Amino acid sequence: MEITVIGASGKIGSQLSFLLAREKYIRNINLVAREKSLNMLEGVKMDIYDALAASGRDAEIRIHSDTEIENLCNSDMIIITSGAKRNGNMSRLDLAKTNAKIIKNYSQEIAKHCDTKIFMVSNPVDVMTYKALMESGYDKSKVFGLGTHLDSMRFKVAIAKFFKVHIDDVRARIVGEHGDSMVPLISSAAIGGIPVRRLPNYENFPYYDILNSIKTHGKRINGLKNGSEYGPASAIVNIVKCMANNDRRILTLSTYLEDEIEGIEGNACVGVPVKVGKKGIDEIIPIKMEDWEYEAFKKSVDVLRGYCKSVSDI
Ligand SMILES: NC(=O)c1ccc[n+]([C@@H]2O[C@H](COP(=O)([O-])OP(=O)(O)OC[C@H]3O[C@@H](n4cnc5c(N)ncnc54)[C@H](OP(=O)(O)O)[C@@H]3O)[C@@H](O)[C@H]2O)c1
């Protein structure tokens, strides 16, 4: 498999490139950044080759400027992690508008030259996934975002800790925005196939505390170590692996929602359970939610539709 990482000079892009290079199914990785950061990419490449030598792995790593997208067309997938970070005075919408310009340029260039898949990581990820879909004109199965996959993993950790079980036994997901309006689906969370709501001590499960803690998780990491990298990069590798092996797992990614969920007006990219395979997103899984979860999800889609609309003309 050949993968391109645009934004490989950044925290997540470089960590992701390192983790991907260790995966057996990866043959080539293209590290892409702006001209000014190509030296940085040289350092990333040398460092990864050292790590590969230590682990007895072989993969080819190439460096490209972001002005030569036409040389990336053998990629099975192009992952975009480029983007400004929100500074103190910036609203979420300001960030969306700033990053939409970057994503527009890359998506148009990719679609002009290549037939591939686009995997969006840059924030606000649902809005940037939408922008990439619109500007590339690709089929929606081939443009998707990290969405609430990482938030869902954090939810799983919280459930495993509360019920004192191994995380592998927990199945749980968060839907909606990767942001303030996200909705953890407690009604379908299960441990070893048993709904958590049927387990002893469920009545003490601190749902809202956990929700608030997940909402602020990224911000707290930013404050402590100036940005997360291991978590997002590992979450991205999960998804790439699933596609490489055509695993058809159901993961919660950001995808363009139309009318797949009854009563919900889509027209936005949003984190929903999807079946993930070799071609990208095979299908959206319209799971049943409790009424209150459904209403919260509907609100989250409304929020995202507004954001998506506001970057349409950029
Ligand atoms: N979806 C999720 O769950 C999730 C989780 C965490 C983070 N994120 C997002 O992932 C993105 C990357 O985070 P990070 O921590 O890796 O950030 P970072 O270390 O600041 O790296 C940012 C990257 O974007 C590039 N970049 C910045 N401005 C650019 C521009 N105007 N045009 C082209 N490229 C530009 C930088 O390139 P240079 O080296 O050339 O400056 C660098 O490669 C952010 O948007 C962040 O919010 C998403």
Side-chain angles (χ1 to χ4, degrees), residues 4-19 30-45 63-69 78-87 90 92 94-110 118-132 144-155 173-174 176-180 182 214-239 251-255 269-271 304 311 314:
T4 289
V5 179
I6 304 185
S9 53
K11 264 195 158 200
I12 294 179
S14 54
Q15 179 67 22
L16 171 65
S17 303
F18 162 60
L19 292 183
N30 301 305
L31 309 180
V32 180
R34 294 183 282 183
E35 289 288 331
K36 75 170 184 69
S37 300
L38 294 183
N39 274 343
M40 168 72 175
L41 288 193
E42 196 57 45
V44 171
K45 174 176 154 177
I63 291 176
H64 299 269
S65 152
D66 68 352
T67 54
E68 44 174 283
I69 300 279
I78 297 185
I79 306 176
I80 305 182
T81 66
S82 308
K85 280 186 176 166
R86 190 148 61 128
N87 64 37
M90 239 181 181
R92 213 168 267 265
D94 290 338
L95 180 70
K97 288 185 171 169
T98 303
N99 284 348
K101 289 180 196 144
I102 302 171
I103 300 307
K104 175 181 179 174
N105 172 38
Y106 286 147
S107 307
Q108 287 183 346
E109 277 299 298
I110 292 168
I118 300 178
F119 184 167
M120 186 57 57
V121 179
S122 315
N123 270 326
V125 68
D126 303 291
V127 189
M128 295 307 113
T129 307
Y130 174 85
K131 193 66 182 160
F144 41 86
L146 187 54
T148 44
H149 180 62
L150 181 57
D151 304 301
S152 298
M153 289 181 354
R154 291 167 178 161
F155 189 36
R173 64 191 71 244
I174 291 184
E177 180 193 7
H178 171 61
D180 285 345
M182 64 174 68
I214 294 171
K215 277 187 201 170
T216 55
H217 195 105
K219 207 181 240 177
R220 280 180 285 134
I221 296 179
N222 277 347
L224 294 165
K225 70 180 283 283
N226 192 29
S228 57
E229 54 196 309
Y230 316 131
S234 304
I236 297 163
V237 173
N238 274 348
I239 294 155
L251 302 173
T252 322
L253 304 188
S254 190
T255 188
C269 285
V270 49
L304 286 172
V311 300
I314 284 171

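Quick caveat: nothing in here was measured; it's all calculated off a predicted structure. Remember, it's 1-based here, ligands and their atoms both numbered in the order they're listed. Note that these values count all heavy atoms, side chains included, but never hydrogens, waters or copies made by symmetry.
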Going by the atom numbers of ligand 1, which of them fall below 4.0 Å from some non-hydrogen atom of [X]?
{"X": "Val125", "value": "1 (N)"}
{"X": "Ser37", "value": "38 (P), 39 (O), 40 (O)"}
{"X": "Gly7", "value": "43 (O)"}
{"X": "Leu146", "value": "1 (N), 2 (C), 3 (O)"}
{"X": "Ile102", "value": "29 (C), 30 (C), 31 (N), 32 (N), 33 (C)"}

Please check: side-chain N/O of [X] versus main-chain N/O of [Y], any donor-acceptor pairing under 3.5 Å?
{"X": "Lys104", "Y": "Ile314", "answer": "yes"}
{"X": "Lys45", "Y": "Ile63", "answer": "no"}
{"X": "Thr81", "Y": "Gly7", "answer": "yes"}

Practice task
Report the part of Glu229 (side chain from C-beta onward, or backbone N, CA, C, O) that has a heavy atom under 4.0 Å from ligand 1; answer both or neither where that applies.
Solution key: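 Under 4.0 Å from ligand 1, Glu229 contributes no heavy atoms.
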
Practice task
Would you mind telling me if ligand 1 is within reach of the side chain of Lys36, the backbone, both or neither, using heavy atoms under 4.0 Å?
Solution key: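 Side chain only.
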
Problem - Electrostatic pair Asp94-Lys97, nearest N-O below 4.0 angstrom - result: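 Salt bridge absent between Asp94 and Lys97.
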
Looking only at protein heavy atoms, which one is nearest to [atom], and how far off is it?
{"atom": "atom 25 (C) of ligand 1", "value": "Gly83 N, 3.8 Å"}
{"atom": "atom 6 (C) of ligand 1", "value": "Ile12 CD1, 3.4 Å"}
{"atom": "atom 17 (O) of ligand 1", "value": "Lys85 CE, 3.4 Å"}
{"atom": "atom 11 (C) of ligand 1", "value": "Thr81 O, 3.4 Å"}
{"atom": "atom 37 (O) of ligand 1", "value": "Ser9 OG, 3.4 Å"}
{"atom": "atom 5 (C) of ligand 1", "value": "Pro232 CG, 3.9 Å"}
{"atom": "atom 21 (O) of ligand 1", "value": "Gly10 CA, 3.3 Å"}
{"atom": "atom 8 (N) of ligand 1", "value": "Asn123 ND2, 3.3 Å"}

May I ask you to check whether [X] has an N/O atom sitting below 3.5 Å from an N/O atom of ligand 1?
{"X": "Ala33", "value": "no"}
{"X": "Arg34", "value": "yes"}
{"X": "Val121", "value": "yes"}

Spatial distance of atom [atom1] ([X]) from atom [atom2] ([Y]) [nearest 0.5 Å]:
{"X": "Ser152", "Y": "Leu253", "atom1": "OG", "atom2": "CG", "answer": "9.0 Å"}
{"X": "Ser82", "Y": "Met120", "atom1": "OG", "atom2": "CE", "answer": "9.0 Å"}
{"X": "Ile80", "Y": "Ile110", "atom1": "CD1", "atom2": "CD1", "answer": "4.0 Å"}

Practice task
Give a yes/no on ligand 1: does Gly227 have at least one heavy atom closer than 4.0 angstrom to it?
Solution key: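 So Gly227 does not count as touching ligand 1.
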
Practice task
Would you check whether Ser228 reaches within less than 4.0 Å of ligand 1, judged by its heavy atoms?
Solution key: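 Yes; Ser228 lies near enough to ligand 1 that a heavy-atom distance drops under 4.0 Å.
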
Problem - Leu146 and Ile239: CA distance, side-chain angles, deciding distance, side-chain contact (heavy atoms from CB on, under 4.5 Å) verdict - result: CA-CA 9 Å; Leu146 187 54; Ile239 294 155; 3.7 Å; yes

Handout entry: Sub-4.5 Å side-chain heavy-atom contact between Met153 and Asn238
Key =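 They are in side-chain contact.
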
Problem - Partner set under salt bridge (charged side-chain N to carboxylate O under 4.0 Å, His left out) for Lys225, not counting sequence neighbours - result: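 Partners of Lys225 by the salt bridge (charged side-chain N to carboxylate O under 4.0 Å, His left out) criterion, ordered by chain and then number, come out as Glu229.
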
Practice task
Check the surroundings of atom NZ in Lys85: do more than 12 heavy atoms from other residues, nucleotides or ligands lie under 6.0 Å from it?
Solution key: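 Count over threshold, so yes.
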
Handout entry: By ring pair (Phe, Tyr, Trp, His ring centres under 6.0 Å) - contacts of Phe155 (at least two apart)
Key =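 So Phe155 forms no ring pair (Phe, Tyr, Trp, His ring centres under 6.0 Å) with any residue.
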
